[in-house]
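One-based numbering, in listed order, for ligands and for the atoms of each.
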Amino acid sequence: METNTATSRSLATEAVHAGRDDLAALGLHAAPLDLSTTYPSHDSRAEAARIDEFAATGARPEGPPVYSRLDNPTVARFEDALARLEGTETAVAFASGMAALTATLLVRASAGLRHVVAVRPLYGCSDHLLSSGLLGTEVTWVDPGGISEAVRPDTGLVVVESPANPTLAEQDLAAVAEACGSVPLLVDNTFATPVLQRPRESGASLVLHSATKYLGGHGDVLGGVVACDEEFARQLRQIRFATGGVLHPLAGYMLLRGLSTLPVRVRAQSATAAELARRLDADPRVTRVHYPRIGGAMVAFEVAGDPHAVISGVRLITPAVSLGSVDSLIQHPGSISHRIVPEGDRRSGGIDDRLLRMSVGLEDVEDLWADLDAALAGERAADTADRDAAAGVPEPSLT
Ligand SMILES: *Cc1c(COP(=O)(O)O)cnc(C)c1O
């Protein structure tokens, strides 16, 4: 499936062709969806050899697949495509972003490297997984400037997010990579996507995505992926096989399709987000706006009034956790996405109680602004929301 001739293609071209290079030769247009859990073979000696090879190396089995916890051709297409977009040798997909982070931590911990250095803020559940030590790891939280000092002989991983969830704080990834020395740097690139930032080019060895967000892009598929070199991927595949956090083939199919519109979605949604950030910044009801230098479709802002009133006041924007969908979503990190992070740790990560996080979709900017404006004005209380819905109050016009 990999061809070296493809490496000079632009991102927009890769988005619609990577992982599908062989389709024309197969006489297919859409990628085949292989839902088999198992694969028949009358040659159990050859199958035994493939299993031995995987156990010894973690390389993707060659020849017919054996069992879908080991390998799936549809998922492999998504992995190949994402690796091309991120500019890495390969990628390994998982059932969710958290399964991807778990497998990465287990690769290092199983080599006796149980110590992790991490920079706040991180996505709430990533923070929790590290802080809780659930996987037998131990975390040291540092400012980016403290990374090299915090590294110990048993440090297996440095973890950063940039732009970070939920404050959109940005890291100088090249400086962070430098500070890591020989310790692998994992960058959670969920918010930026390879359209805006390719952490591999700044020296990160592992690029993680919650594919649930922009890669899928439609709020209907859960997945995770780590883009990395083949050596690390082999260890990830072995952990994935042993622990079972595989991506379902249908999810792989949907994520591959999601990638084809990723560049246009991210660019269009980012343009709208930048305009909303500008208007929020000029609005006296908003005390602070967070919008990354590299751009993106996420906007975070602190309100002078009650953030819960804004959540109960939106009508067009979906009041829900998660992000990266074609429709806009808003949530209150202190209550939802970062609820699991203790209050003091939220504060030290810069997560204000009045912070709201908005994921900007493909709606018209004026419709979004009208909705935000009304929600900020507090014109709509929670009980009127239910009354409006019951009375069938029409949605804003589509023009
Ligand atoms: C959502 C998210 C995750 C976790 O991904 P799931 O697919 O929900 O498991 C990890 N990192 C970031 C930045 C996220 O936004």
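The N/O atoms of Y123, backbone and side chain alike, include none that comes under 3.5 Å of an N/O atom in ligand 1. Taking only nitrogen or oxygen atoms, main chain and side chain alike, S126 does not reach within less than 3.5 Å of ligand 1. When only interatomic distances are considered, the shortest N/O to N/O separation between M98 and ligand 1 falls below 3.5 Å. Considering backbone and side-chain N/O atoms, G97 comes within less than 3.5 Å of an N/O atom of ligand 1.
Heavy-atom contacts of F191 reach the following atoms of ligand 1: 15 (O) (cutoff under 4.0 Å). The ligand atoms of ligand 1 that sit less than 4.0 angstrom from a heavy atom of G223 are 7 (O). Under a 4.0 Å criterion applied to the non-hydrogen atoms of E161, ligand 1 contributes the atoms 13 (C).
Among all non-hydrogen protein atoms, the one lying nearest atom 13 (C) of ligand 1 is D188 OD2, 3.3 Å. When only non-hydrogen protein atoms are considered, atom 14 (C) of ligand 1 lies nearest to K213 NZ, 3.0 Å. The protein non-hydrogen atom at the shortest distance from atom 7 (O) of ligand 1 is T212 OG1, 2.7 Å. Taking atom 5 (O) of ligand 1 as the reference point, the nearest protein heavy-atom neighbour is S210 OG, 2.9 Å.
Under 3.5 Å, the side chains of E161 and T190 contain no donor-acceptor pair of N or O atoms. Side-chain contact, S162 with E170: no donor N or O sits under 3.5 Å from an acceptor N or O. Side-chain N/O atoms of N72 and S68 include no donor and acceptor closer than 3.5 Å. Neither side chain, D34 nor T74, offers a donor N or O lying under 3.5 Å from an acceptor on the other. A side-chain donor-acceptor contact under 3.5 Å links T140 and H115. Counting only N and O atoms by type, the side chains of R339 and S335 include no donor and acceptor under 3.5 Å apart.
Between R354 and E302, no side-chain nitrogen of the basic residue sits less than 4.0 Å from a carboxylate oxygen of the acidic one, so the salt-bridge criterion is not met.
Ring centroids of Y67 and Y39 are separated by 6.0 Å or more, keeping the two rings apart.
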